Every structure is written in C-alpha cells, then in structure tokens.
Amino acid sequence: MFAFLAFSLLAPTATITVDPDKLGHEIPKSLYGIFLEEINNAFDGGLYAELIQNRGFEDASAPPGCRIQNGALIPARTPHFWSQRVSDWTMPWPVKSEYPGWTLEGGSGRAEIKVVEDLPLSSATPHSLQVDIRDAKPARLVNEGFWGIGAKRGDRFKLKLFVRSAQPTTYPLIALLVGGDGSVIASETRSAKLSTTWAPIEMTLVAKGTDPKAKFALKLEQPGTVYLDQVSLIPATTFKNRPNGARADLGKMIADLKPAFIRFPGGCFVEGLSVDCRPRWEETLGPLEQRRATYSPWGYWSSNGFGYHEWLQFCEDVGADGLYVFNAGISCAFRSGTYVPDSEIPALIQNALDGIEYAIGPVTSKWGALRAKNGHPKPFPLRYVEIGNEDQGARYGDRVGKFYRAIKAKYPQIKVILSSWISGIDREAIGAAGKIDIVDEHAYTGAGWALQNFDRFAGYSRKEPWELYIGEFATNGGVGRGNFNATLNDLAYMMAMEKNSDVVKMGSYAPLLENVNRRQWEVNLIHFDSSRVFGRGSYYACKLMAENRPDSSLDAKVEFNGPPPVPLSGAIGVGTYGTAAEFKDLRMTRVAEGSFDRWKPQRGEWSVVDGAYRQSSREAREIWSFFGGDFHDYELNLKARKIEGSEGFLISLGEVEGSRVQVNFGGWGNSLHAIQVNSSSPVVEKRGRIEAGRWYDVRIEVKGRTIRAYLDGELQVQTTLPAPRPLLAIAGFDRAKRQVVLKVLNSSAEPITARLKTGSASTAGWVTTLKGEPAEENSFQSPGKIVPETRHVTDVSSYTFPAHSFTIVRLPSNRRR
Ligand code: AHR
C-alpha cells in the first residue's frame, strides 16, 4: 500500500513542454505596477509619515457640495450623469466631535478648547483651535494620532506648529509623547514669544521609550488664550529621508514590489462623493498650511500632505513611472453621480494640461517653474494620464476624447487612458472618445474565477488600436479578508495577464494599503498599524511576478487530465443589499436533484407579511436567507418586490468550487442586473433597474454551469461558468540572465508530478516556491507564514509541484537573445 502511494505521488501525471527556441511576444516592462488610493487610511495615517490626526482642525467640516442632516451626509441633489435622475444615496456622518482626534485632559472648568474661524492661518485651512487656560493647574491637549503613534526608543520626531495668542506674551510650550500607561516617553519645552499673528514653532522630540500606542500632548500651564493650527509631527527618518515624506517601512514595502508605474490618487477618491469634492492637484502643493484637504468618498478627510509633488517624488524614488488620474467632471456613479456641465470641460482640460506641465514642463514654464521652486527642477517621470475612474457611456467617452486631443497636441509622449467602467470593455465610451492610447479595465473577482477564466484574455482581439491596462484587480469574494486561496487566484490572474501581455500591457492590484484600524475594503494587499506592517500572500505573489517578468514569452503547453467539472449546485437563497424587499410564490421545477428545508436567514429582519417573505433591513451589506441544499439543474420561479432602498434584490443559485453564484437584479446603486461569483464584479451584466413597489416575475434556469436569468419573461443575463484548471503554466525568456523562466500554478489539493520538457535549456536550475493552505494568511504575529523560498535543484525533468503552490523554475539556456 505504502509503495503504491509513494509511486502514485512520484509518477508524472502531467507534462509541461516549453520550447526555448521559439520566442513569442515581448513582455512589456510596464506590466506590473501599483495603484495607490486614499482608502483604508492609505495616505493619512498610512504611507504619509504625518503622525497627528486632524492637524489643521478641519476634520469636522462638511465636504464641499454636501450637507449633514440627522447624522447623515447628503451629497448635492442634482441629476446623475447617466440616468439624469437625482440619486438618493447617503451615508452616516461619522464625526462626533468638533475637533476629531483631539481631547483636553485635566482641564474641566479651568480650561476650554473650541474650533474657531477668526484670523485663519490661510484660506485653505480656515479653522484653528482656541485654547483658554483659566488657572495655573496644568491641562493637556492630547492628540491620539492615527490609532496611536508608533514610538521606538531613540526615534526622533520633528514637531512644527503654528501658534498665536490673544495678547503678546511669552508662553511655555511643553510638547510630550505619552505612553499608553501615562508615562512620558519624550518631552521638549520651548519658551515661545507669542504675538497676535501666526508664527511657526519647531522642536525635536526624542523618544526615550517604546510604545506603539503613544499619544502626542501639549502641556498648557500658563493662564491665557492661545490659538493653534497645523500641528505636525513627522519622524525625522522617512523613506529616502524626504522631508514631509513617506513612512519608511511602508515606502520600502512598496519599493520592494519594484512597480513599473504608480496609479494615483484613485479610484473613487478621484471621483468624490459629489463633483465638488474631487481632488485638485494644484491645491496639494507647497507649504502644508496652504493645502486644502480633500474629503475621501471613503468617509474621512485627507490632508493632501502626501500631495501631487510628494507622489511624483515617490515615483522617482522607487523608479516607477507616474500615472495620474484626473477627474472627468463626474462624481462617483454609485454615490451622487453629479457632474459639471460640458461648458466647464475646457477649464478641466486646461487644469490637466497645467498638471502635466507641473510634472514635466520646462522650468521656464509657469508650472515647471513652480516645480523647480518646490525643489525639483528636473522633470518628474510622469508617463500616463487617466481621465476619470469607472465612468461609462458615450457622454463620458466624448469628454475623454476632448482631453485626449488637447493632451496629445501638447504632450504627444504622454499616454492617455480611458477608464472602462467597473468590469469589461466599454465600447460605447471608446467609440465616442474617437482615439485613445490605453483602456483601463477593472476586475474584482471571486474565488475560483481566475482559475476558471484563465483563457479570458486569449479571446481579446489583437487588433485594437489601444492597449489594455487592468487598473484594479484582486480576488476579493469568498476569501475572507484575503487568504491563500485568494493568492492562488491572483496568481492565475497575473499569469493570464503575462501570457497575454501582447494585449494586456499593464496591471495593478487593488487596493494596496490597509490601516487595519480602518478597513473599508474587504481584501487589501499590505496591512499595517502605527508600528507594524506585513504583506499578505498576494503581496509576495505580486512581488514574484514583477521580479520574474521575462523579456519575451515562450509557449508552455500543459497536458493534464484534471477531474471533470462539477455542476453549479447548493442551497437556493434570496437576499438584498441596502434595500428592503419581499419574495413570494417560489417554485422549483425541473429539478434534477435537491432537497427542501426550512428557510435559514443570515442577518437582516425576516418576517412573513401577507404571504410574502419580507426582509426589512436596509443595511448596506448582503443579507440572505437560504433554503435546502444540493440543488442542481433546475428552474427557479418566484415573485420579488422592492419595498424601499438603494438597490433591487439578490438570488443565490448555489456554488461552484466553493464559491457562491448569484444573480443581482438592480445592483451597483440600482444600475445593473448581473451574475456574480462571490459578490465580486459582474461576470456578465446588463444595464437595468428595479422599481420599488412592483412585483417582478423572476425566472432562473440552471443547467450544468449555465445560468439564464429572466425578469417578467425577458432574458436579462446569461453565462456558462468555465471549468477551473488545476495546473497552469506560462513561460518566458530572461535576456539579461539568459534563463528560461517557467511559472507553474498547482491550485489543487494534491501534489502534481509533471515531466518538464524544456528543450535545449538546462534541467538544473533555481526553484522558487510560494505555498500554503487555502485558508492560511500572514498576520502581524506570523508575517512570514506565506513567503517564497528558493533553492537549487539539479534535475527538474520530473518535478512534483506541491498542493496549493506557485513555483518559478529558472533554467539556464544558451540562447543568445
Ligand atoms: O479599489 C477600491 C475601489 O474599487 C476603487 O476606489 C474603485 O475604483 C473601485 O470600485
């Protein structure tokens, strides 16, 4: 028995053939880049080294173009760019204090703080803090940092703050870092001569202790009234020691990815809650006190301390090209969708031209001169410009066309990108643009999708007049907060990109950064808090792909008979997202197999009202109730009615390879009907909405892995889910090292032994493996659980690829080119 098992593990069951003498297409240097967006506190409280939260006392302000009513933030109620209807989108306003991040300790009755608007430090930062001390007992003005300030013994911090007083006076300013247990771990005193006008004061604090949750405090012990603004504390050591620079550990993590380009600053951040909230690059330059903050649609203010110039500098420091995203005069389609009229587009185009001039124009130009004044006479590596994010349709395309023509006329070397909606290629927008250099497709997928759709790009036309950029991709459905199953799928996705890099010229994982204290997106690549950082397994996947990008592709043929595909099967469910809805008259017909059971609600408020099964909660997350199990090959009929809320209704159909498959009627802010795997981007979609108060006849046919979804007898969306392939391989040639680079993914639960036929290449080489259990992930406690390991192997002609593994085999070859 033992002998049989050992034999069956070692006997080759697969063959991978690579011919090193048949070079295919060039694999572009631009293939692996990154995407940086202000989400999850990626910049403030993240990459930007600033340690003080709300340094300018602006964080309680309502975002432009929005109002706050009954605890809700309400964007402008003007028509939506596509639908021309007024969106009723809203979100809770999270601010509970006049001065978030700050508290006054020990001051009760004897000291008081309030935010004031008189004598602003600059028009960009209209608020400041008035501090009244009434007697000589000390009070402390405390800033909690971003969930604590990471201080290590010996660290030096540069403090700069602006101060004025009601009367000219000499005031003792005592700056402290205080540990979680109340002990003072840094202290510095300055006897400051204060006048009635603002003046900066600078000090250096040196930590004499270590605490990841230290706080900053100003001890105030002299009666009088002082005003504070722009209280900034930045570590003396930053990434590449840039002043006002990036956090050193996060900067290094990013630099280690060796990104070919950096897309910035969003994402939805570029679009804004309302079009008035959009970021404006020109307001993010120069002295910090003159920078206006931007309200991130992810629900917090971003100081713009990590502004346009800092980002360009960061690109240069990590050797990446810059890809800046300008707003197209449209706000986020899933929030308000407000927009500027076409008559204002010329001004936005001029603004984009000015932005490009700032980055690469001569020092004799207006904006090039400002760049030089800001310390960088040489042009920055700005190479790409994208217009808008996840916009769609002819009207958007027409806007992009106008930007394109103006930009190319002045800067023919800049490549202009059209953002092609939330998934797939928006031909309507591309057609309306007329001409475009690059199209940006986004791909958030569920577990299993990339393994099933490895050949997706093979079906893309090779004749398009534009190049393809996958600006945002990630496996983020059905993988918790990210696990090794997600990594295996991300690898399959990147392998498909690389294999088809004659079409896909660029790609960037999204989102990149997550401060674990503010997770706003389920799955992110690099996790950090005030003092620690780790990369998920997918971080190492991205790093390996970039480090091992060959120069030319080689064909890699896989012969392997995996198990036959399983049909879509499982429990049926009904659900909602941000919406109350009800369901009735459910009938399952033509059922091949399956068993009925009680309804099992998951979350929400379920009840039976007038014979209908009603879900009344409007919570903005998926709320389900499931019944039965093991259904496959069936027809499902039911009636569904939306009562109120932002979307329509969801129907769950069962699972393939452990991933839930669902039909989403009126998803994405009631704009689309779609089939989804694991709640990710649509596998297939159609514009459509669900009206409240109307009963719809829903019919869904499932046969094998084919799904057809109907509303009122009319087919809305259909697809056949392809079968996954457990063994995938791609190959290429590394010219500088003269090596064949073979990448193999074994996503199955069994090791696979394969005969490697690599022609004239050596059979001895270096093997790098990344492996793990599907549910495993790195963590602060075990940051090195899933990391690659490299070793030399003398003969790879028969090689066992471990279960759930990614392997890179580098074999010397005597090809010259
Ligand atoms: O990456 C997170 C978000 O996903 C981006 O802001 C947006 O472009 C996409 O919908």
Side-chain angles (χ1 to χ4, degrees), residues 33-43 46-47 81-82 89 91 262-274 277-279 294-300 302 323-328 330-337 386-392 396 417-424 426 429 438-446 469-477 479 481-482 486 490 493 506-515 518-527 536 538-539 542 577-578 620 646-647 664 667-669 671-672 674 676 678-682 685:
I34 61 165
F35 166 46
L36 264 186
E37 172 175 24
E38 183 61 291
I39 177 175
N40 310 311
N41 278 88
F43 302 171
L47 183 60
F81 185 67
W82 316 329
W89 184 90
M91 68 183 248
I262 305 180
R263 178 175 182 245
F264 172 92
C268 299
F269 182 72
V270 164
E271 307 174 276
L273 286 182
S274 150
C277 295
R278 68 184 183 272
T294 303
Y295 194 76
S296 169
W298 300 105
Y300 60 93
S302 180
L323 188 169
Y324 191 76
V325 188
F326 290 100
N327 183 293
I330 311 165
S331 75
C332 176
F334 305 120
R335 276 108 171 173
S336 67
E386 182 163 358
I387 310 302
N389 175 66
E390 294 189 349
D391 294 308
Q392 66 163 326
Y396 159 64
I417 305 174
L418 174 144
S419 176
S420 182
W421 184 224
I422 54 166
S423 64
D426 182 355
I438 301 174
V439 170
D440 172 6
E441 174 182 346
H442 292 179
Y444 291 102
T445 55
Y469 166 39
I470 309 297
E472 298 179 26
F473 70 84
T475 308
N476 64 1
V479 292
R481 294 194 57 189
D490 290 334
Y493 195 86
M506 304 159 74
S508 40
Y509 185 97
L512 189 76
L513 294 170
E514 171 191 309
N515 185 321
R518 178 132 58 183
R519 175 177 27 121
Q520 299 173 307
W521 194 260
E522 205 53 23
V523 179
N524 307 290
L525 202 65
I526 299 172
H527 293 206
R536 285 187 37 242
S538 294
Y539 169 85
C542 292
Y577 182 98
S646 51
E647 307 220 332
N664 190 341
W668 294 270
S671 62
L672 299 178
Q676 289 173 282
N678 275 324
S679 316
S680 293
S681 303
E685 72 186 50

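When a ligand or atom number is given, it counts from 1 through the structure's own listing order. Reckoned from all heavy atoms, side chains included, excluding hydrogens, waters and symmetry mates. Since we're looking at a predicted model, the values are computed, not measured.
When only interatomic distances are considered, the shortest N/O to N/O separation between C268 and ligand 1 falls below 3.5 Å. Every N/O-N/O distance between W521 and ligand 1 stays at or above 3.5 Å. Ligand 1 has a nitrogen or oxygen under 3.5 angstrom from a nitrogen or oxygen of E472.
Here the protein heavy atom with the shortest distance to atom 10 (O) of ligand 1 is E390 OE1, 2.8 Å.
Between I422 and ligand 1 there is no heavy-atom distance shorter than 4.0 Å. Contact analysis puts W298 in contact with ligand 1, with a non-hydrogen atom separation below 4.0 angstrom. Look at P511 and you'll find a heavy atom under 4.0 Å from some atom of ligand 1. Contact annotation: F334 has no heavy atom less than 4.0 Å from any atom of ligand 1.
The aromatic ring centres of W668 and W82 sit 6.0 Å or more apart.
Distance alone, capped at 3.5 Å, places no donor-acceptor pair between the E685 side chain and the L672 backbone.
In this structure the side chain of P511 never reaches within 4.5 angstrom of the side chain of E37, judged on heavy atoms. When side chains are defined from C-beta on, Y509 counts as touching V523, because their heavy atoms get closer than 4.5 Å.
Atom OH of Y324 has more than 12 heavy atoms from other residues, nucleotides or ligands within 6.0 Å.
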